[in-house]
Amino acid sequence: VPEKPSDIFLEGKALHHCVGTYIPDVAQGTTNILFLRKTEAPTLPFYTIEVRANEVQQIHGINNCSLTTPSAVSFVTEWIKAKALSVRAGVLPATA
């Protein structure tokens, strides 16, 4: 979970996607932004997750790439189940 708004901005800058534009929504409590990191590189942006109203809205990596890394897909799929979240259609690969 980002600690401050600038973390969200820097995530978007590093991954070349628009998550920085979600800062007002996070501040208002209408959406949540989470950062997925590799264990061996905990400070390096990998994927960004948006959760709104207990539903995963989107997951994007660099240049808005979809979640495709097999270990990340597996982790996120298990995390979604553990948190009892729903998932917007098309967010996860068809095989997940």
Closest approach of [X] and [Y], non-hydrogen atoms and distance?
X: Glu55; Y: Arg88; value: CG-N, 3.7 Å
X: Pro5; Y: Ile23; value: O-CD1, 3.5 Å
X: Val91; Y: Gln57; value: CG2-O, 3.3 Å
X: Ile62; Y: Ala14; value: CD1-O, 4.2 Å

Could you state the interatomic distance from [atom1] ([X]) to [atom2] ([Y]), rounded to the nearest 0.5 Å?
X: Thr68; Y: Ile59; atom1: OG1; atom2: CD1; value: 11.0 Å
X: Ile33; Y: Asp7; atom1: CD1; atom2: CG; value: 12.0 Å
X: Leu34; Y: Trp79; atom1: CG; atom2: CH2; value: 5.0 Å
X: Glu11; Y: His16; atom1: CD; atom2: NE2; value: 11.5 Å
X: Tyr47; Y: His17; atom1: OH; atom2: NE2; value: 10.5 Å
X: Thr30; Y: Asp25; atom1: OG1; atom2: CG; value: 4.0 Å

Open item on the list: Quick check against the 3.5 Å criterion: does Thr77 have a side-chain atom that pairs as donor or acceptor with the backbone of Val73?
Closed with: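 Yes, the answer is positive, given that a donor and an acceptor are paired below the 3.5 Å cut-off.
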- [ ] Go through the structure and list residues passing salt bridge (Lys or Arg N to Asp or Glu O under 4.0 Å) with Lys83, not counting sequence neighbours.
- [x]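 If we apply the salt bridge (Lys or Arg N to Asp or Glu O under 4.0 Å) test to Lys83, skipping adjacent residues, there are no hits.
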Open item on the list: I'd like to check the salt bridge (Lys or Arg N to Asp or Glu O under 4.0 Å) partners of Glu3; sequence neighbours left out, ordered by chain and number.
Closed with: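 Checked Glu3 against salt bridge (Lys or Arg N to Asp or Glu O under 4.0 Å); zero matches.
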Task: Enclosure of Phe46 CZ (heavy-atom neighbours >12, cutoff 6.0 Å) - done: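 For Phe46, atom CZ is crowded (more than 12 foreign heavy atoms under 6.0 Å).
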